[in-house]
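Labels below follow one simple rule: chain letters A, B, ... track the order of the sequence lines, proteins then strands, and each chain is numbered from 1.
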Amino acid sequence: MYKNEGLSQKVVKTFQNIIYSYFKQYGREFPFRKEISPYNVVISEMMLQQTQTNRVAEKFQQFIRAFPDFQALANAPFNDVLKAWQGLGYNRRAVALKAIAEKVISEFDGVLPADVEVLKTFPQIGHNTASSIVAFAFNIPTFFVEVNIRRVYIYFFFPGKSSVRDNLIIPIVRKTLDRSNVRKWYYALMDYGVMLKKTHPELTKKSAHYRKQSKFKGSTREIRGNILKLLLENKSLMESELIKKLKINPELLSEILSLLIKEGFIKQEDNQYSIA
DNA sequence: CTCCGGTAGT
DNA sequence: ACTACCGGAG
């Protein structure tokens with residue numbers, strides 16, 4: 001629709017108007033867009049990594065009710081945090097979230113830094129998450145791309161192109177950002193991208209960064225999830241009990257258990273495994 | 001069965 | 001550049 005080069009003031013304005021007029025009519029409402037605080041934004045953005053918004057919405061409310069602020073999360077037993085996380089997947093985010101809360105308390109006087117580079121030093125917070133936290137929590141300009149935003153820019157600025165790299169998209173994100181309302185702009189951009197997924201599903205694959213996911217069934221991801229679920233239900237279990245319940249090759253189980261220990265999920269005390 | 005997705009490690 | 005990491009919806 002528009003040429004990448006040039007990007008006149010008028011083109012930027014037109015683009016913004018298209019995105020905003022869609023948002024005005026069809027913008028999505030979420031609990032994590034209603035009650036905005038640095039803490040709530042950190043929780044929701046961590047949950048939203050690799051996880052659909054509808055699944056996050058309910059878990060988010062339960063989570064912030066159980067752990068209302070950085071101090072509460074830092075003080076909470078890891079077992080409780082992991083339990084509250086069940087259903088979201090990628091449990092290492094729960095480990096990270098508690099570590100993030102502890103770091104905010106111990107190194108930043110309980111106040112979340114409004115700085116992308118500083119946030120990137122926190123566990124499981126990369127460029128995108130750091131940028132979205134600063135944008136949504138503080139309404140401060142940042143520049144980032146995720147799948148929905150990617151679709152929007154490929155659709156408007158790279159029509160017919162494939163293997164579009166993010167380093168071509170980011171400069172356009174910079175030029176088209178509505179600096180007068182960063183938070184609303186990124187909400188609108190993402191919502192437009194979600195709509196495009198339905199009307200133009202092929203756009204996702206036009207990114208150079210698109211990857212087809214590997215099978216879940218029979219994977220170690222599945223086994224890891226099942227081990228943690230069992231240990232949340234049973235307090236502690238012996239290796240032999242886990243072998244029985246999971247019907248798994250003992251050598252594979254033993255490998256996975258030592259990784260789970262190393263990653264801070266579980267601990268081993270005289271032959272009994274339990275949540276760390 | 002297939003689809004989705006950001007970070008970190010290699 | 002490639003892969004491991006999860007769980008739910010369709």
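The side-chain hydrogen bond (donor to acceptor under 3.5 Å, both in side chains) contacts involving residues 193-208 of chain A comprise R151(A)-T204(A), where partners must be two or more places apart or lie in separate chains. Screening residues 77-96 of chain A for side-chain hydrogen bond (donor to acceptor under 3.5 Å, both in side chains) gives T51(A)-R93(A), Q86(A)-N91(A), R92(A)-E263(A) as the qualifying pairs, with residues at least two apart or on separate chains.
Residues forming a side-chain hydrogen bond (donor to acceptor under 3.5 Å, both in side chains) with Q50(A) (at least two apart in sequence, or on another chain): none. The salt bridge (charged side-chain N to carboxylate O under 4.0 Å, His left out) test applied to K217(A) returns E222(A), not counting sequence neighbours. With sequence neighbours excluded, the residues forming a ring-ring contact (aromatic ring centres under 6.0 Å, His included) with Y192(A) are Y22(A), F156(A), listed by chain and number. Evaluation of the salt bridge (charged side-chain N to carboxylate O under 4.0 Å, His left out) rule for E102(A) yields K98(A) as partners, not counting sequence neighbours. Partners of F70(A) by ring-ring contact (aromatic ring centres under 6.0 Å, His included), not counting sequence neighbours, listed by chain and number: Y39(A).
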Show me the side-chain donor-acceptor pairs of residues 269-276 of chain A shorter than 3.5 Å, one per line, residues at least two apart or across chains.
from    : atom 1 : to      : atom 2 : distance (Å)
Q272(A) : OE1    : S236(A) : OG     : 2.9
Y273(A) : OH     : E239(A) : OE1    : 3.0
Y273(A) : OH     : Q268(A) : NE2    : 3.4

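Contacts between residues 214-223 of chain A and DNA chain C, counted as heavy-atom distances below 4.0 Å, involve F216(A), T220(A), R221(A). Contacts between residues 127-136 of chain A and DNA chain B, defined by a heavy-atom separation below 4.0 Å, involve H127(A), N128(A), T129(A), listed by number. Of the residues in residues 47-60 of chain A, Q49(A), Q50(A), Q52(A) come within less than 4.0 Å of DNA chain B through at least one heavy atom, sorted by number.
When ring centroids are compared, Y20(A) and F15(A) stay outside the 6.0 Å threshold.
For DNA chain C, the span of nucleotides reached by chain A at under 4.0 Å from its heavy atoms goes, 5' to 3', from dA1(C) to dG8(C).
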